[in-house]
Amino acid sequence: MTSQGGARQPKYQRIADALRTAIQSGEYGPGDRLPGENDLMATYEVARMTARQALAVLQNEGLAEARKGAGVFVRAFRPLRRRGVQRLAQEQWGSGRSIWSADTEDRELVVDQIDVREEGASDRVADALGVPPGTPVWARGRRFVLDGKPVLFATSHLPADVVGESAITQVDTGPGGTYARLAELGHEPVHFREEVRSRMPSTAEAERLSLSMGTPVIQIVRTAFAQGGRAVEVNEMTLDSASYVLEYDFDA
């Protein structure tokens, strides 16, 4: 196989392709150890650096993970299917269930690094909420850890004049979460807009999500609107791209 310009595909890429095919065919299953650098050097007659680069490709793609002193293994983590439409249905949060339960099913979810504070709206947040910069808002930051793996962190901003002294300003918002409390306050979300983009993470983001080198993140910015069109929340979410499948199911 040749790449653009007629140059042959690099040896490390061909090795990575072969290993990827073996993983996808089931030859190596979740949790299995992949051939090490010495094995690849002998099998493909390549230098150690080439073997190392091949394994790094699979790690960067999220297919494999290195375990110190043990080798490189097929990643056992099952991707999280984020159902973008169903998870925001009123029947979900309106019945007291967290919108995250639509994604996690029966898997262990831990929410940590919770930070709730009042602050002035930044230009970006003010623009999304349709208020002047500096307007008081409540910010709710948290990280989501699934089966022991950090998969997402998010910060919601809500107008202070809407949420006031409600449970939204507390660490525990109660059954149904923020949207159920907004409904009780007379600002029930009736429409959502999500903007999705992919980018490389900052060093701090990579550390917070325990990302392998070269793994991009998915950024989702969701704005919730109440009846009459007022924006009552803007939520900025940063997802580990290797941990998620984004699913959108809707009628034609």
Side-chain angles (χ1 to χ4, degrees), residues 1-82 103-110 112-113 143-154 196-220 237-247:
M1 178 178 178
T2 59
S3 60
Q4 190 174 25
R8 286 185 59 80
Q9 188 181 35
K11 287 183 180 179
Y12 77 86
Q13 189 64 62
R14 295 203 301 275
I15 298 171
D17 289 348
L19 291 173
R20 187 188 305 104
T21 298
I23 292 172
Q24 293 171 343
S25 69
E27 182 179 342
Y28 297 107
D32 286 351
R33 184 181 183 277
L34 292 173
E37 292 177 9
N38 290 338
D39 298 322
L40 295 177
M41 290 167 61
T43 300
Y44 293 95
E45 299 181 347
V46 295
R48 183 173 300 278
M49 182 57 67
T50 301
R52 187 170 299 168
Q53 285 178 300
L55 292 171
V57 168
L58 300 180
Q59 293 175 64
N60 291 343
E61 292 177 354
L63 290 175
E65 59 185 357
R67 299 178 190 171
K68 192 171 183 179
V72 177
F73 295 78
V74 178
R75 196 174 187 191
F77 183 84
R78 177 161 51 99
L80 190 60
R81 188 168 292 275
R82 183 183 189 273
D103 302 337
T104 59
E105 300 170 340
D106 59 351
R107 301 168 69 180
E108 181 185 4
L109 176 69
V110 174
D112 66 7
Q113 298 184 5
R143 185 179 70 161
F144 296 81
V145 182
L146 187 68
D147 295 342
K149 169 72 176 72
V151 295
L152 172 150
F153 62 85
V196 183
R197 62 183 289 239
S198 180
R199 59 175 175 79
M200 297 307 297
S202 67
T203 300
E205 289 171 334
E207 291 177 354
R208 195 173 185 188
L209 290 174
S210 301
L211 299 179
S212 300
M213 183 181 64
T215 302
V217 292
I218 300 170
Q219 186 171 56
I220 300 177
M237 295 164 274
T238 304
L239 293 65
D240 170 12
S241 64
S243 295
Y244 274 90
V245 173
L246 304 186
E247 178 183 303

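Bear in mind that the values here come from a model prediction, so they are computed numbers and not experimental data.
- When all heavy atoms are compared, the tightest approach of Ser198 to Pro216 is OG-CB, 4.0 Å.
- For Ala42, there are no side-chain contact (heavy atoms from CB on, under 4.5 Å) partners at least two apart in sequence or on another chain.
- Glu205 pairs by the salt bridge (Lys or Arg N to Asp or Glu O under 4.0 Å) definition with Arg199, not counting sequence neighbours.
- In this structure the side chain of Phe73 never reaches within 4.5 angstrom of the side chain of Leu34, judged on heavy atoms.
- Here Arg143 pairs with Asp112 under the salt bridge (Lys or Arg N to Asp or Glu O under 4.0 Å) rule; sequence neighbours left out.
- For residues 43-54, the side chain to side chain donor-acceptor pair (under 3.5 Å) pairs, not counting sequence neighbours, are Glu37-Arg48, Glu37-Arg52, Asn38-Arg48.
- Note that NZ of Lys149 is 14.5 Å distant from CZ of Phe144, once rounded to the nearest 0.5 Å.
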**Request:** Just do the side-chain contact (heavy atoms from CB on, under 4.5 Å) check on Thr238 and Leu209 with the steps written out, would you?
**Result:** CA-CA 9 Å; Thr238 304; Leu209 290 174; 4.3 Å; yes
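- Under the 4.5 Å side-chain criterion, counting only non-hydrogen atoms from C-beta, Tyr244 is in contact with Leu152.
- For the pair Ala51 and Val46, the tightest heavy-atom approach, listed with the atom from each and the gap, is N-CG2, 4.3 Å.
- Among residues two or more places apart in sequence or in another chain, the side-chain hydrogen bond (donor to acceptor under 3.5 Å, both in side chains) test is passed with Arg20 by Asp17, Glu61.
- How far CZ of Phe153 is from CG of Asp240: 11.0 Å, rounded to the nearest 0.5 Å.
- Val196 pairs by the side-chain contact (heavy atoms from CB on, under 4.5 Å) definition with Ile218, Ile220, Leu246, Tyr248, not counting sequence neighbours.
- Closest approach of Ala70 to Arg33, counting heavy atoms only: O-NE, 3.1 Å.
- From Ser241, atom OG reaches atom CG of Leu211 across 7.5 Å, with rounding to the nearest 0.5 Å.
- Taking every heavy atom of both residues into account, Pro150 and Val145 meet most closely at N-CG1, 3.9 Å.
- Distance check: Leu19 CG to Leu40 CG gives 5.5 Å after rounding to the nearest 0.5 Å.
- Every residue was checked against the side-chain hydrogen bond (donor to acceptor under 3.5 Å, both in side chains) condition with Glu27, not counting sequence neighbours, and none meets it.
- The structure places CG of Leu58 at 11.0 Å from OH of Tyr28, a figure rounded to the nearest 0.5 Å.
- Taking the side chain as every heavy atom from C-beta outward, Val74 and Leu63 never approach each other to under 4.5 Å.
- Donor-acceptor pairing under 3.5 Å is lacking for the side chains of Gln59 and Arg75.
- Partners of Arg67 according to the salt bridge (Lys or Arg N to Asp or Glu O under 4.0 Å) rule, which considers only residues two or more places apart in sequence or in another chain, are Glu65.
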